[in-house]
*Asks:* 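Quick one: the structure is below, questions incoming.
In the text below, chain A, chain B and the rest are named by the order of the sequence lines, each starting its count at 1. Being a predicted model, the structure only gives us computed values, none of them experimental.
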Amino acid sequence: MKNCFINGLSAISTQDTFESDFVNSLKTVNPNENILRATEPNYKAFIPPAAIRRMAKGIKMGVATSAKALEEAGLTQVEAIITGTGMGCSQDSEKFLKNILDNHEQFLTPTSFIQSTHNTVAAQIALRLACKGYNFTYVNGAVSFESALLDACMQITAADIASVLVGGIDEYAAHTFSLYELVGFIKDKKNVPFSVLNPTTKGTVFSEGATFFALENTKNASTYAEVVDIQLRNKLTSAELPTFIASFLEKNNLETSAIDVLIVGNNGDVEFDGFYKEAMHGFKDSIHLYYKHLSGEYNTASAFGLWVAANILRQQEIPEILRINAIEKKGYRNIVLYNQYRGLDHSLVLLKSVN
Amino acid sequence: MDNLKLELKTKIIETLNLEDLSVEEIADNDPLFGDGLGLDSIDALELIVLMDKDYGIKLTDPKEGKSIFQSIQTMATYIEQNRTK
Amino acid sequence: MKIAITGMGIISAIGNTVAENFAALKSGKAGISNLENISNSVHKGVLKVGEIKLSDSALAAMLKLPETHNFSRTSLLGAYAAKKAVENANISDINAYATGLVSATSVGGMDKTEQYFYQYFEDPSVRKFITSHDAGDVSHKIADALGLKGMVTTISTACSSAANAIMMGARLIASGQLDRVIVGGTDALSKFTINGFNTLMILSDTYNTPFDENRKGLNLGEAAAYLVLESDKVIKETNKEVLAYLSGYGNANDAYHQTASSANGEGAFLAMKKALQMANISSFTIDYINVHGTATPNNDLSEGHALQRVFGTAVPHFSSTKPYTGHTLAAAAAIEAVYSILALQHNLVFPNLNFKNKMEELYIQPTTVLLEKELNTVLSNSFGFGGNCSALIFSKP
């Protein structure tokens with residue numbers, strides 16, 4: 001039985017997370033926007049021009065963050081690549097579908113179709129690394145990333161593999177986002193300004209991003225944290241949540257009091273943020289943090305949450321901008337992340353400090 | 001013929017997103033695939049659609065493309081001889 | 001590691017039940033016909049596909065869904081097949097054990113998205129389908145249809161998706177995370193995939209002919225199939241009949257090209273090797289291979305070379321069942337898992353239909369007749385875009 005350590009990470013998000021360090025990268029976003037876009041680096045340092053010319057944003061974000069996570073872990077190769085994406089390569093899907101409909105199935109070209117498959121990012125990373133190992137892509141709403149993380153950790157703990165790249169990627173796509181506005185998943189602009197912690201309206205502020213982690217079965221100087229356990233559930237009522245959390249802690253032989261920090265996935269939707277209130281209620285003595293006011297909501301935004309958690313455990317420092325309550329602790333050992341989206345796809349992740 | 005070649009260069013750069021390349025940098029006899037422009041099999045499929053859409057030339061077998069898409073010169077010659085629009 | 005399979009359900013172009021599929025396989029009755037259901041496609045009446053000749057409303061009626069439902073065709077097919085699998089496994093309370101669903105799809109609810117893409121903005125009555133687009137919605141719908149509350153996730157690795165769903169299900173049981181997992185895949189035909197494969201110029205204008213020298217490409221198909229995997233604990237406690245065991249699996253990436261397979265079939269070779277290693281058997285133990293065999297020039301050549309590399313001069317009987325069903329993308333490995341289990345149960349190698357001439361580059365050729373022989377171990381291959389290669393090994397109980 002091996003343990004699963006985060007030895008490298010990288011995020012492209014609405015924040016300046018790719019270039020800047022953890023504490024300094026997090027800034028308040030414009031509360032009058034209902035859609036936020038990721039801050040992109042110059043990709044040319046990570047992707048050769050011949051490859052970049054066909055890539056939509058999600059692919060570029062994924063390839064760049066995976067490269068940086070790998071580099072940070074001091075690795076040049078991994079034994080597996082596992083990604084999660086809620087919506088997949090939406091830009092290319094939309095582009096190809098529009099061409100089909102607008103041109104009545106005539107004069108269609110293959111590039112956007114080829115790049116539209118959900119596993120394009122994982123495949124491009126494999127091509128770039130010439131990685132012939134295990135290659136999986138999970139596509140299940142808000143647990144897309146957690147499914148990938150669970151798969152990765154199961155294989156590491158079972159000693160099937162020693163290293164793996166795990167990431168979550170979702171990109172902005174114009175048509176998809178306008179449909180989300182139509183059904184009220186994205187907040188109506190006439191209700192600005194928006195607040196994630198004290199919302200008054202339904203829906204959420206949508207965004208995009210890519211977050212990658214290099215996981216290994218050994219601890220080293222660059223280790224951020226240990227991923228201890230992951231639990232997923234398709235649906236729950238608010239009343240069932242405490243039992244879901246309690247059995248997760250019990251499985252890991254932990255009392256609520258051992259959890260120093262609870263990180264919740266509040267996205268400012270009055271209809272569904274009650275789940276987080278219920279979760280925080282169960283961790284009265286823990287520090288409560290949130291992050292989607294900085295990252296926006298997207299199906300794999302919870303990977304950004306894990307990025308926050310891992311950074312906190314390594315640096316033993318909590319930026320004020322993340323805080324919900326004022327509880328103080330001497331140090332941070334155990335962090336639980338809880339996330340759901342519209343009452344579906346609940347996930348719990350337990351992270352432990354290696355110090 | 002010269003106009004056609006210029007037109008092809010412009011279209012190839014645009015269709016295949018060869019942003020870093022300018023029309024002047026593509027010589028008529030440069031190989032499009034392999035060591036020249038470095039195009040690949042996916043680009044070949046894009047070029048087959050371009051032939052159909054813009055010049056009314058239907059290629060049903062991707063293998064036919066091999067000789068036609070050798071260079072701008074060979075493409076232009078084939079189009080001159082076979083175009084229907 | 002051996003994971004028990006206790007139930008299976010399927011719907012494909014050759015039948016709505018396991019029995020119907022088996023009867024068609026045995027009698028050599030293919031399900032390829034001209035496209036009918038997508039009424040506003042230029043390919044209607046012309047393109048050869050493995051289509052299920054049931055309308056969405058007929059499928060919804062079979063599932064007893066209310067008029068107001070927002071199931072995509074992919075979800076309808078998936079829910080139907082998954083329910084049949086659970087029935088077949090004699091499960092009365094789906095949540096009696098820690099149960100999960102790992103489902104695969106490549107198009108998700110694309111059939112509805114392409115139908116209402118622009119209409120959504122003008123017509124509120126169709127907006128209920130907006131949330132049916134993503135792959136995860138398909139799995140949620142299936143889980144709801146089964147009444148399943150537990151771990152639900154979806155895998156999308158193009159044409160190898162369902163094989164990977166089966167693998168993940170097995171891993172969840174082996175690691176002790178779950179006692180029971182419903183695994184499989186579903187994909188409906190859509191304009192999106194038909195036109196997509198058409199742009200790649202790999203669709204045949206006639207019936208697909210896997211491993212034939214003059215093969216012209218694939219026929220697309222639609223299908224769904226699910227298996228019930230259960231832990232040894234559940235088998236013991238419920239004293240349940242085991243249909244077959246999943247005794248090995250392997251996944252590897254060809255890392256060669258975004259869509260094409262490498263000439264020597266490196267990814268396929270690695271996936272098969274891993275599966276054999278995991279099952280702890282030599283290549284000589286494999287009695288039959290249900291090959292990926294899409295009938296594209298590229299796949300069959302690459303897979304053929306990989307088979308010759310793994311098995312040398314002793315390549316066992318092999319056949320592709322895609323002439324029966326078409327290539328059903330994310331469902332392919334699931335329906336072929338059902339066919340592999342049927343082969344084991346009945347000691348039959350199903351014929352590779354439409355084959356005439358051996359490929360020049362290979363020394364092997366597929367089995368073209370219904371062959372009766374004792375089968376104990378069957379290998380099933382599935383490969384997909386993005387270099388994704390998977391191999392599964394099934395064995396007799």
*Asks:* May I ask you to check whether over 12 heavy atoms, not counting those of Glu122(C), lie within 6.0 Å of atom CD?
*Replies:*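 Yes, CD of Glu122(C) has more than 12 neighbouring heavy atoms, counting only those of other groups under 6.0 Å.
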
*Asks:* Between chain A and each of Gly150(C), Ser41(C), Gly387(C), count heavy-atom pairs under 4.5 Å; write down the option with the most.
*Replies:*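 Between Gly150(C), Ser41(C), Gly387(C), the count favours Gly150(C).
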
*Asks:* With a 4.5 angstrom heavy-atom cut-off, is it the side chain or the backbone of Ile155(C) that approaches chain A, or both, or neither?
*Replies:*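 Backbone plus side chain of Ile155(C), per the 4.5 Å heavy-atom cut-off to chain A.
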
*Asks:* Could you tell me which non-hydrogen atom of Phe192(C) sits nearest to which non-hydrogen atom of Ser93(A), and how far apart they are?
*Replies:*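 Taking every non-hydrogen atom into account, CE1-O, 3.5 Å.
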
*Asks:* Could you walk me through whether Thr199(C) and Thr109(A) satisfy the side-chain contact (heavy atoms from CB on, under 4.5 Å) test, starting with their C-alpha distance in whole Å, then the side-chain angles of each, then the deciding distance to 0.1 Å, before giving a yes or no?
*Replies:* CA-CA 6 Å; Thr199(C) 63; Thr109(A) 59; 5.8 Å; no

*Asks:* Ile114(A) and Leu200(C): which non-hydrogen atoms are nearest, and at how many Å?
*Replies:*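 Shortest heavy-atom separation between Ile114(A) and Leu200(C) comes out as CD1-CD2, 3.6 Å.
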
*Asks:* Please rank Lys251(A), Glu240(A), Gln155(A) by heavy-atom pairs under 4.5 Å with chain C and give me the top one.
*Replies:*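 So the answer, after comparing Lys251(A), Glu240(A), Gln155(A), is Gln155(A).
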
*Asks:* Using the side chain to side chain donor-acceptor pair (under 3.5 Å) rule, take Asn388(C) and Tyr134(A) through it: C-alpha gap first, then chi angles, then the decisive distance, then the call.
*Replies:* CA-CA 9 Å; Asn388(C) 210 290; Tyr134(A) 185 92; over 6 Å; no

*Asks:* What is the distance from atom OH of Tyr256(C) to atom CG of Leu127(A), rounded to the nearest 0.5 Å?
*Replies:*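 The OH atom of Tyr256(C) sits 11.0 Å away from the CG atom of Leu127(A).
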
*Asks:* Checking Glu146(A) against chain C: side chain, backbone, both or neither under 4.5 Å from a heavy atom?
*Replies:*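 Contact with chain C involves no heavy atom of Glu146(A) at all.
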
*Asks:* Which bit of Phe185(A) comes within less than 4.5 Å of chain C, counting heavy atoms only: side chain, backbone, both or neither?
*Replies:*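 Only the side chain of Phe185(A) comes within 4.5 Å of chain C.
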
*Asks:* Examine whether an atom of Asn198(C) lies under 4.5 Å from a heavy atom of chain A, and if so say whether it belongs to the side chain, the backbone or both; otherwise answer neither.
*Replies:*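 Interface part for Asn198(C): neither.
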
*Asks:* For residues Val139(A) and Ser156(C), report the shortest heavy-atom separation together with the two atoms involved.
*Replies:*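 Here Val139(A) and Ser156(C) meet closest at CG2-CB, 3.5 Å.
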
*Asks:* If you take all heavy atoms of Ser147(A) and Thr153(C), which pair is closest and at what distance?
*Replies:*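 Shortest heavy-atom separation between Ser147(A) and Thr153(C) comes out as OG-OG1, 2.6 Å.
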
*Asks:* Tell me, do Lys149(C) and Leu236(A) make a side-chain contact under 4.5 Å, heavy atoms counted?
*Replies:*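 Side-chain contact under 4.5 Å: no.
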
*Asks:* How many angstroms lie between NE2 in His43(C) and CD in Glu105(A), if you round to the nearest 0.5 Å?
*Replies:*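 CD of Glu105(A) is found 4.5 Å from NE2 of His43(C).
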
*Asks:* Pull out the residues in residues 123-138 of chain C that come under 4.5 Å of chain A, heavy atom to heavy atom, sorted by number.
*Replies:*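 Result: Arg127(C), Ile130(C), Thr131(C), His133(C), Asp134(C), Ala135(C), Gly136(C).
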
*Asks:* Using a heavy-atom cutoff of under 4.5 Å, enumerate the residues of residues 258-267 of chain C that contact chain A, numbered in order, or state 'none'.
*Replies:*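 Answer by number: Gln258(C), Thr259(C), Glu266(C).
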
*Asks:* Ile82(A) versus chain C, heavy atoms under 4.5 Å apart: side chain, backbone, both or neither?
*Replies:*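 When you check distances to chain C, no heavy atom of Ile82(A) falls under 4.5 Å.
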
*Asks:* Looking at Leu101(C), Asn40(C), Thr113(C), Leu172(C), which has the largest count of heavy-atom pairs under 4.5 Å with chain A?
*Replies:*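 If we count pairs closer than 4.5 Å to chain A, Leu172(C) comes out on top.
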
*Asks:* With a 4.5 angstrom heavy-atom cut-off, is it the side chain or the backbone of Ser175(C) that approaches chain A, or both, or neither?
*Replies:*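 Side chain only.
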
*Asks:* May I have all residue pairs that pass salt bridge (Lys or Arg N to Asp or Glu O under 4.0 Å) and include part of residues 160-182 of chain C, sequence neighbours excluded?
*Replies:*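 Counting only pairs at least two positions apart or across chains, the salt bridge (Lys or Arg N to Asp or Glu O under 4.0 Å) contacts touching residues 160-182 of chain C are Asp151(A)-Arg171(C), Asp160(A)-Arg171(C), Asp179(C)-Lys233(C), Arg180(C)-Glu230(C).
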
*Asks:* With respect to chain C, which residue among Leu182(A), Thr120(A), Leu232(A) yields the maximal number of heavy-atom pairs within a distance under 4.5 Å?
*Replies:*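 Of the options given, most contacts go to Leu182(A).
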
*Asks:* For Lys274(C), I'd like to know if atom NZ has over 12 heavy atoms of other residues, nucleotides or ligands within 6.0 Å.
*Replies:*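 More than 12 within 6.0 Å, yes.
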
*Asks:* Do the side chains of Phe96(A) and Asn195(C) get nearer than 4.5 Å, heavy atoms only?
*Replies:*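 In short, these two side chains touch, coming nearer than 4.5 Å.
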
*Asks:* Quick one: side-chain hydrogen bond (donor to acceptor under 3.5 Å, both in side chains) partners of Thr157(C), sequence neighbours excluded?
*Replies:*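 Residues passing side-chain hydrogen bond (donor to acceptor under 3.5 Å, both in side chains) with Thr157(C): Ser160(C), Asn164(C).
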
*Asks:* Assess the residue pair Gln177(C) and Leu150(A) against the criterion (side-chain contact (heavy atoms from CB on, under 4.5 Å)); give the C-alpha distance rounded to whole Å, side-chain angles, the decisive distance to 0.1 Å, and a yes or no.
*Replies:* CA-CA 10 Å; Gln177(C) 295 267 344; Leu150(A) 173 63; 3.8 Å; yes

*Asks:* Determine the minimum heavy-atom distance between Cys131(A) and Ala255(C), stating which atoms define it.
*Replies:*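 Taking every non-hydrogen atom into account, O-CB, 3.8 Å.
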
*Asks:* Given side-chain contact (heavy atoms from CB on, under 4.5 Å), test Phe121(C) with Ser178(A) step by step and report yes or no.
*Replies:* CA-CA 9 Å; Phe121(C) 293 94; Ser178(A) 59; 3.4 Å; yes

*Asks:* Side chain, backbone, both or neither: which part of Thr137(A) has a heavy atom under 4.5 Å from chain C?
*Replies:*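 Thr137(A) touches chain C through backbone and side-chain heavy atoms alike.
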
*Asks:* Look at Ser103(C), Gly386(C), Gly196(C), Ser161(C) and state which one has the largest set of heavy-atom pairs under 4.5 Å with chain A.
*Replies:*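 The residue among Ser103(C), Gly386(C), Gly196(C), Ser161(C) with the greatest pair count is Gly196(C).
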
*Asks:* What residue, out of Val183(A), Thr157(A), Ile125(A), Leu179(A), has the most heavy-atom pairs lying under 4.5 Å from chain C?
*Replies:*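 Winner by heavy-atom pair count: Leu179(A).
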
*Asks:* Can you tell if the side chain of Lys98(A) reaches within under 4.5 Å of the side chain of Tyr118(C), non-hydrogen atoms only?
*Replies:*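 They are in side-chain contact.
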
*Asks:* Check whether Leu101(A) gets within reach of chain C through its side chain, its backbone, both or neither, counting any heavy atom under 4.5 Å.
*Replies:*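 Contact with chain C involves the side chain of Leu101(A) alone.
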
*Asks:* Which class fits the ring pair His175(A) and Phe117(C): parallel under 30°, tilted 30 to 60°, perpendicular over 60°?
*Replies:*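 The arrangement is parallel - the two ring planes meet at less than 30°.
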
*Asks:* Once rounded to the nearest 0.5 Å, what's the spacing between atom OG of Ser139(C) and atom CG of Asn234(A)?
*Replies:*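 If I round to the nearest 0.5 Å, the distance is 10.0 Å.
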
*Asks:* With a 4.5 angstrom heavy-atom cut-off, which part of Met110(C) approaches chain A: side chain, backbone, both or neither?
*Replies:*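 The answer is the side chain of Met110(C).
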
*Asks:* Would you mind checking which part of Gln231(A) comes under 4.5 Å of any heavy atom in chain C, side chain (CB onward), backbone (N, CA, C, O), both or neither?
*Replies:*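 Neither part.
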
*Asks:* Just verifying a value: how many Å separate Leu329(C) CG and Thr117(A) OG1, rounded to the nearest 0.5 Å?
*Replies:*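 Those atoms lie 11.0 Å apart.
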
*Asks:* At a heavy-atom separation under 4.5 Å, does Ala158(A) approach chain C through its side chain, its backbone, both, or neither?
*Replies:*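 Neither part; nothing is under 4.5 Å.
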
*Asks:* Please name the pair of heavy atoms, one in Lys191(C) and one in Ile100(A), separated by the smallest distance, quoted to 0.1 Å.
*Replies:*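 For Lys191(C) versus Ile100(A), the nearest heavy atoms are O-CD1, 3.8 Å.
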
*Asks:* Heavy-atom distance under 4.5 Å to chain C: side chain of Ser144(A), backbone, both or neither?
*Replies:*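 Answer is neither: Ser144(A) stays 4.5 Å or more from chain C.
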
*Asks:* Under 4.5 Å heavy-atom distance to chain C, tell me which part of His104(A) shows up: side chain, backbone, both or neither.
*Replies:*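 Backbone only.
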
*Asks:* First locate atom NE2 of His140(C), then atom NZ of Lys235(A), and finally report the distance between them rounded to the nearest 0.5 Å.
*Replies:*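 The distance works out to 8.5 Å.
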
*Asks:* Of the listed residues (Met87(A), Gln106(A), Met154(A), Gln115(A)), which shares the most heavy-atom pairs with chain C below a 4.5 Å separation?
*Replies:*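 Of the options given, most contacts go to Met154(A).
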
*Asks:* Let me confirm one number: the CZ-CZ distance from Phe113(A) to Phe197(C), rounded to the nearest 0.5 Å.
*Replies:*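 Spacing of CZ (Phe113(A)) from CZ (Phe197(C)) equals 4.5 Å.
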
